[in-house]
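Structure first, commentary second.
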Amino acid sequence: MSLPFRTFVRNFSTSGLKKNAIKNVTIIGGGLMGAGIAQVAASTGHSVVMVDQNTDILNKSKANIEKSLQRVVKKKYAEDPKAGEAFLSQVLGNLALETDAATSVKKADLVIEAIVENLKIKQELFKNLDMAAPASTIFASNTSSIPIKEIAVATERADRFGGLHYFNPVPMMKLLEVIRIPQTSDETFDKLLAFGKAMGKVTVNCKDTPGFIVNRLLVPYMMEAVRMVERGEATPKDVDTAMKLGAGYPMGPFELTDYVGLDTCKFIIDGWHEKYPDHPLFAPSPLLNKYVAEGKLGNKVGEGFYKSKK
Ligand SMILES: CC(=O)CC(=O)SCCNC(=O)CCNC(=O)[C@H](O)C(C)(C)COP(=O)(O)OP(=O)(O)OC[C@H]1O[C@@H](n2cnc3c(N)ncnc32)[C@H](O)[C@@H]1OP(=O)(O)O
Ligand SMILES: NC(=O)C1=CN([C@@H]2O[C@H](COP(=O)(O)OP(=O)(O)OC[C@H]3O[C@@H](n4cnc5c(N)ncnc54)[C@H](O)[C@@H]3O)[C@@H](O)[C@H]2O)C=CC1
């Protein structure tokens with residue numbers, strides 16, 4: 001059974017976990033993941049600044065956060081709607097929006113990057129943030145597939161750099177992968193673990209290996225499903241039905257690919273293929289490429305392998 005927010009926070013603060021030193025969090029990127037991370041960080045009492053490229057995107061992100069919060073409140077405060085309203089306004093009060101990344105990090109204890117899955121763009125961002133943020137600020141990337149060490153080289157703070165890999169939808173998925181590179185200091189890693197726990201997540205420690213734990217297993221599985229359809233062995237619908245009813249997965253691999261975003265899946269597999277061209281599980285998929293070229297990126301645009309509500 002889920003606990004009311006105040007009880008949840010009280011239980012955490014008395015449970016003997018390491019104290020969370022992180023209060024002010026900047027999230028760069030307010031898309032699918034950034035909005036979810038911002039929502040949960042704000043819901044657990046952190047002061048959050050969410051950054052994206054323009055106010056239109058930020059307003060859409062905030063509307064998505066409000067929609068998701070309404071779903072949470074409807075369940076958690078079913079018997080006390082007034083407390084639900086108070087929780088909602090408290091969470092929204094913890095959330096600020098910003099278009100200037102350099103300004104957003106001035107008071108940050110932690111910066112979490114959740115922008116497009118592209119090494120050069122992430123490096124460029126972190127290079128600029130490194131100059132703008134206080135020396136004490138910890139940097140983390142939510143990348144699905146890019147080595148954290150390759151992003152961290154853009155900065156002078158590899159000891160204060162790590163990976164925080166969340167799962168979609170962030171408010172529902174309990175896991176957080178916490179990744180360290182050889183340079184990550186023990187102090188930084190402990191702070192990242194404590195922050196993850198303060199967000200209510202169960203953390204696992206990961207090395208900086210391709211896809212960490214979950215995606216190294218999940219993405220090849222999703223791509224194998226696409227290849228099965230490419231070979232004409234089954235339809236997406238039958239594969240999804242089979243995996244839900246025969247293997248107990250909450251979503252079939254095609255539903256999941258639509259949910260994650262076909263573009264994100266393509267970025268992941270193309271990146272791994274470039275690094276490991278002979279690995280059969282990392283081979284690009286003509287069918288996935290075709291859908292992406294047609295703009296069928298999944299639920300976020302209303303169509304991927306299936307048509308969906310935006
Ligand atoms: C690519 C990467 O790098 C890493 C990744 O993220 S990989 C992807 C990992 N994610 C997964 O594998 C997701 C698999 N799917 C699931 O676990 C489930 O289908 C799910 C949790 C997403 C939804 O649960 P469901 O029971 O199938 O569907 P649904 O009926 O829509 O949701 C049930 C309840 O969950 C809650 N919920 C679902 N999504 C929510 C959201 N975004 N915000 C808030 N609450 C939400 C709501 O309480 C909802 O009830 P209401 O519809 O009454 O609001
Ligand atoms: N989609 C998923 O299920 C998961 C994705 N990830 C990773 O999270 C990251 C983000 O993915 P999504 O949220 O799905 O992408 P998305 O496309 O939904 O959102 C990305 C957002 O970043 C913004 N952005 C791009 N460049 C920016 C910049 N320089 N400054 C500020 N904002 C910028 C875009 O405007 C967009 O709103 C990627 O690295 C992805 O691999 C990790 C876990 C799950």
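Atoms within each ligand, like the ligands themselves, are counted from 1 in listed order.
- Residue contacts with ligand 1 leave out M33, since none of its heavy atoms falls under 4.0 Å from the ligand.
- Ring pair H273/F282: centre-to-centre distance not below 6.0 Å.
- Close N/O approach between S144 and ligand 2 is found [any backbone or side-chain N/O within under 3.5 Å].
- Every N/O-N/O distance between V51 and ligand 2 stays at or above 3.5 Å.
- Remark: ligand 1 and R71 share an N or O pair separated by less than 3.5 Å (distance only, no angle test).
- Residue K122 has at least one nitrogen or oxygen atom sitting less than 3.5 Å from a nitrogen or oxygen atom of ligand 2, judged on distance alone.
- In this structure, A114 has a heavy atom closer than 4.0 Å to ligand 2.
- Considering backbone and side-chain atoms alike, F167 places every N or O at 3.5 Å or more from each N or O of ligand 2.
- Only side-chain heavy atoms of T264 come within less than 4.0 Å of ligand 2; its backbone N, CA, C and O stay farther off.
- Between E150 and K275 there is a salt bridge, since at least one side-chain N of the basic residue sits less than 4.0 Å from a carboxylate O of the acidic one.
- The N/O atoms of Y259, backbone and side chain alike, include none that comes under 3.5 Å of an N/O atom in ligand 1.
- Heavy atoms of other residues, nucleotides or ligands lying less than 6.0 angstrom from CD of E233 number more than 12.
- The residue T264 has no part lying near ligand 1, judged by heavy-atom distances below 4.0 Å.
- Checked by distance only, ligand 2 and N142 come closer than 3.5 Å through their nitrogen or oxygen atoms.
- Counting protein heavy atoms only, atom 53 (O) of ligand 1 is closest to K74 NZ, 3.4 Å.
- Checking I57, N168, T257, I115 against atom 33 (C) of ligand 2, the nearest heavy atom belongs to I115.
- Nearest residue to atom 17 (O) of ligand 2 from E177, E117, E98, K300 is K300 (criterion: closest heavy atom).
- Annotation: Y221 is in aromatic contact with Y249 [ring centroid separation under 6.0 Å].
- For E79, the CD atom counts as loosely surrounded, since its 6.0 Å shell holds 12 or fewer non-hydrogen atoms of other residues, nucleotides or ligands.
- Contact check on E255 versus K244 returns a salt bridge, with a Lys/Arg side-chain nitrogen under 4.0 Å from an Asp/Glu carboxylate oxygen.
- For atom 21 (C) of ligand 1, the candidate residues are M172, E117, Q39; the nearest heavy-atom contact is made by M172.
- Residue N215 touches ligand 1 through its side chain alone, judged by heavy-atom distances below 4.0 Å.
- No part of I146 comes within 4.0 Å of ligand 2, judged by heavy-atom distances.
- For the salt bridge (Lys or Arg N to Asp or Glu O under 4.0 Å) with R180, the qualifying choice from D186, D159, D190 is D186, the only one to do so.
- Cation-pi contact between R160 and F139: absent, since separation from the ring centre below 6.0 Å together with deviation from the ring axis within 45° is not met.
- Within the 4.0 Å heavy-atom criterion, the part of L218 lying near ligand 1 is the side chain and not the backbone.
- Judged by the shortest distance from any of its heavy atoms, E124 lies outside the 4.0 Å radius around the atoms of ligand 2.
- A salt bridge is absent between K120 and E124: the closest approach of a Lys/Arg side-chain nitrogen to an acidic carboxylate oxygen does not fall below 4.0 angstrom.
- Only the side chain of P169 comes within 4.0 Å of ligand 1, judged by heavy-atom distances.
- Y291 carries K296 over the face of its six-membered ring, with the cationic atom under 6.0 Å from the centre and within 45° of the normal.
- A salt bridge is defined here as a Lys NZ or Arg NE, NH1 or NH2 lying under 4.0 Å from an Asp or Glu carboxylate O, and D263 with K300 meets this definition.
- For a threshold of 3.5 Å applied to N or O pairs, the pair formed by Y166 and ligand 2 contains no separation below that value.
- The shortest N/O to N/O separation between T143 and ligand 2 does not fall below 3.5 Å.
- With a 4.5 Å cut-off on side-chain heavy atoms, L97 and T55 do not count as touching.
- Closest to atom 30 (N) of ligand 2 by heavy atom, among N64, I28, I27, D56, is I28.
- Under 4.0 Å from ligand 1, heavy atoms of N168 appear from its side chain as well as its backbone.
- Taking any N or O of D52, backbone or side chain, at least one lies under 3.5 Å from an N or O belonging to ligand 2.
- The residue from S68, S144, G261 that puts a heavy atom closest to atom 44 (C) of ligand 1 is S68.
- Between G34 and ligand 2, not a single N/O pair is under 3.5 Å apart.
- Distance from atom 19 (O) of ligand 2 to its nearest protein heavy atom, with residue and atom name: G31 CA, 3.3 Å.
- When only modelled atom types and interatomic distance are considered, N20 and H46 share a side-chain donor-acceptor pair under 3.5 Å.
- Salt bridge annotation for E224-R227: present, with a cationic side-chain nitrogen under 4.0 angstrom from a carboxylate oxygen.
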